[in-house]
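Below you'll find the structure, written out as structure tokens, and then a few comments.
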Protein chains: 2
Amino acid sequence: MSERPISVRCSDCAVKRLCLPAGLSESDIVRLERVTRAKKIVKAGDCLYRAGNPFTALYAIRSGSFKSTIIAADGDTQVTHFSLPGELLGLDAYSGHTHPSYAEALEDSCVCVLPFNQLEILAQDVPTLQRHIYAIFSEELRGENEILLLLGKRSAETRLAALLINISSRYARRGYSSSRFLLSMPRTDIANYLGLTAETVSRLFSRFQKEGLIQVEGRDVKILDMVGLSELAGTHCSYDDSELSARQ
Amino acid sequence: MSERPISVRCSDCAVKRLCLPAGLSESDIVRLERVTRAKKIVKAGDCLYRAGNPFTALYAIRSGSFKSTIIAADGDTQVTHFSLPGELLGLDAYSGHTHPSYAEALEDSCVCVLPFNQLEILAQDVPTLQRHIYAIFSEELRGENEILLLLGKRSAETRLAALLINISSRYARRGYSSSRFLLSMPRTDIANYLGLTAETVSRLFSRFQKEGLIQVEGRDVKILDMVGLSELAGTHCSYDDSELSARQ
DNA sequence: CGATGTCTTGAAGCGCCTCAATTTCTGTGG
DNA sequence: CCACAGAAATTGAGGCGCTTCAAGACATCG
């Protein structure tokens, strides 16, 4: 896990529309760049941080993807998030001064290191940034509630359909195809995240394919019937406009 | 749902240790009081806000309790939170400018209205308050992850045991008994929150009683074997130190 | 007092898990 | 390049935990 200066600026970044620079003025972005200078490469399977590590910074994903997990006292593990470029990691660590969760790279990834005390000071000075940070926290909470609904009330097929629709729309926001993508996580992680077993997830993938909803080959997923899948998910594609929109 | 000036100041408030004033200096508390002047009485069964209502303020619970729910497109409901005095409501509303959830009073309750734009301005000026707000957001996220673990991986008995331990410790923090309390929510809400049915919850209450872990009579709960219940919950009483501790 | 909502208890059914066997994929070294 | 080992994914059969459905007990309130 090397830490080296990679000369990429926010204003050139592929995900600036989704990340902290969103909505900032040119000059404020320049100030933000001073905070986001450090980058970190995390290889697939390595952890960006582990539970118990001191909290010093937030991390913005530039490329790659991560899974967040917590481990209970008895060793039981729960995958709580899958994170894509432009999203922030570490938000849950502020209050306890240590990370309560693990962030493991699902593929070779690159993140911006955002020392939180510097970000805090900058936000004090740049109301737009401050509001954006609130919005990210708030949006994160809103999203968690949707997952609670999924885990609390929904059938296995609905859960998987909802995840596929969710990932699809998040890829779309990033300019990738919404109908075809490569899942960066293994079936076991999907199952764990959805509160299911890998076997059930595998069976569902097969069933969805048989029903003509998707076409799968390992982690390569093609959505053939977006409407049908959305109906299964029960969200009516609502994820499309559920991402953060921190206007003003 | 009346809105009237009730002359109570933060410095006199029963839950100031748990609420926004925590850690603030005398003079900063005075400034905070100017923001928190408005109170609102919400009668049992009434909603403090509903999904779709414009977001204008956060609410700090002074007395009583609330349940937060979201309603899916198909009408399915999920209880996402039970909130007690000193806790904040409305945090999930910031990003979308409207509340995504409902907050219904479980009993006659009183809240402080915190107009968010005023709070924002004050926080800009009072770093301790700013950090406290971050801490509350962050803590909230951390808590949600624990619930995900509960819903994703735990058996019905573990879920209920964990909820009882959780509520017990939250009452304790407020100076009430940790071993005996009155649940303000009906079985259906508990079941919904835990992703179970009311019948299952009822059966578990009966079983816990038969096993000598608790003594229940309707909503009146007495915990007879805190250690045993904690072991069932799998948390080893970890909820005790999981509340927000927004030092510096 | 009946009406209504909450809670409890029982019996039957189903959805997902568990266990197990096989196939496919991935990387590694000969 | 192929052989091999280990992991990941698939598929099947059986079982269990919780849900569903139904009936009754209990409390509260007009």
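In what follows, chains carry the letters A, B, and so on, assigned in the order in which the sequence lines appear, proteins first and then strands, with residues in each chain numbered from 1.
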Can you tell me if the side-chain N/O atoms of A:Ser202 get under 4.0 Å from OP1 or OP2 in D:dA9? no
Would one find a side-chain N or O of B:Ser206 under 4.0 angstrom from OP1 or OP2 of C:dT9? yes
With [X] via side chain to side chain contact (heavy atoms under 4.5 Å, CB included) - residues at least two apart:
X	answer
B:Ser65	B:Leu84, B:Leu106, B:Glu107, B:Ser184
B:Asn145	A:Ile70, A:Thr80, A:His81, A:Asp92, A:Glu144, B:Leu148
B:Ala93	B:Phe55, B:His99, B:Pro100

I'd like to check the side chain to side chain donor-acceptor pair (under 3.5 Å) partners of [X]; sequence neighbours left out, ordered by chain and number.
X	result
B:Thr200	B:Thr197
A:Asp76	B:Arg154
B:Asp220	B:Arg180

Counting only distance, no hydrogens or angles, is the base of D:dG12 paired donor-acceptor with the side chain of A:Arg203 under 3.5 Å?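 Looking at the base of D:dG12, it does pair with a donor or acceptor on the side chain of A:Arg203 (distance under 3.5 Å).
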Aromatic rings A:Phe137 and B:Phe137: how do their planes relate, parallel, tilted or perpendicular, breaks at 30° and 60°? parallel
Considering residues at least two apart in sequence or located in another chain, which fulfil the ring pair (Phe, Tyr, Trp, His ring centres under 6.0 Å) criterion with A:Phe66? none
With each end axis built from five pairs of C1' atoms, what bend angle do you get for the helix from C:dC1-D:dG30 to C:dG30-D:dC1? Round to 10°. 40°
For each nucleotide in nucleotides 22-27 of chain C, reading 5' to 3', give B when a protein heavy atom comes within less than 4.0 Å of its base, S when such contact involves only the sugar-phosphate, and - otherwise. ------
Per-pair distances, 0.1 Å, donor-acceptor, side chain in residues 202-213 of chain B, under 3.5 Å, sequence neighbours excluded:
unit_1: B:Ser206; atom_1: OG; unit_2: B:Ser202; atom_2: O; d: 3.1
unit_1: B:Arg207; atom_1: NH2; unit_2: B:Glu157; atom_2: OE1; d: 2.1
unit_1: B:Gln209; atom_1: OE1; unit_2: B:Val216; atom_2: N; d: 2.8

Can you list every ring-ring contact (aromatic ring centres under 6.0 Å, His included) pair that touches residues 142-162 of chain A, not counting sequence neighbours?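 ring-ring contact (aromatic ring centres under 6.0 Å, His included) check on residues 142-162 of chain A returns no pairs.
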Can you tabulate the close N/O pairs, meaning under 3.5 Å, that link protein atoms to atoms of nucleotides 15-18 of chain D?
unit_1: D:dC18; atom_1: OP1; unit_2: B:Ala156; atom_2: N; d: 2.7

Please pick, from C:dC7, C:dT9, D:dT11, the nucleotide with the shortest atom-to-atom distance to any side-chain atom of A:Glu199.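 Looking only at side-chain atoms, A:Glu199 lies closest to D:dT11.
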